[in-house]
Amino acid sequence: MEQSKNSQLAKKFIKAIRTIAEKENNLNNFQLYLSIHFDKWMEKFASNPEGLTAELESFANMEI
């Protein structure tokens with residue numbers, strides 16, 4: 001069961017990365033955000049696959 005959940009999250013995670021990579025403004029926004037908040041961002045999201053995936057999806061789906 002856990003492997004299926006991880007597989008689904010991995011697909012969503014990679015899709016978000018691809019989307020961010022295809023949108024230069026989103027990528028630049030993400031980089032700027034991390035340049036200021038990277039340590040706090042990692043503390044909040046790095047230990048939680050669902051949260052990390054949702055956060056990347058948010059940056060990927062922004063209309064900038």
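Because the structure is predicted, anything quoted here is derived from the model rather than measured.
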Would you list the atom pairs, donor with acceptor, under 3.5 Å between side chains in residues 26-37 and any protein atom, with sequence neighbours excluded?
{"unit_1": "Asn26", "atom_1": "ND2", "unit_2": "Phe59", "atom_2": "O", "d": "2.8"}
{"unit_1": "Asn26", "atom_1": "ND2", "unit_2": "Ala60", "atom_2": "O", "d": "3.2"}
{"unit_1": "Asn26", "atom_1": "ND2", "unit_2": "Met62", "atom_2": "O", "d": "3.0"}
{"unit_1": "Asn28", "atom_1": "ND2", "unit_2": "Glu24", "atom_2": "O", "d": "3.3"}
{"unit_1": "Ser35", "atom_1": "OG", "unit_2": "Leu32", "atom_2": "O", "d": "2.6"}

Residues 40-52 side chain polar contacts: donor-acceptor under 3.5 Å, at least two apart:
{"unit_1": "Trp41", "atom_1": "NE1", "unit_2": "Glu55", "atom_2": "OE2", "d": "3.2"}
{"unit_1": "Asn48", "atom_1": "OD1", "unit_2": "Glu50", "atom_2": "N", "d": "3.0"}
{"unit_1": "Asn48", "atom_1": "OD1", "unit_2": "Gly51", "atom_2": "N", "d": "2.9"}
{"unit_1": "Glu50", "atom_1": "OE2", "unit_2": "Lys5", "atom_2": "NZ", "d": "2.7"}

Side-chain donor-acceptor pairs of residues 9-21 under 3.5 Å, sequence neighbours excluded:
{"unit_1": "Thr19", "atom_1": "OG1", "unit_2": "Lys15", "atom_2": "O", "d": "2.9"}

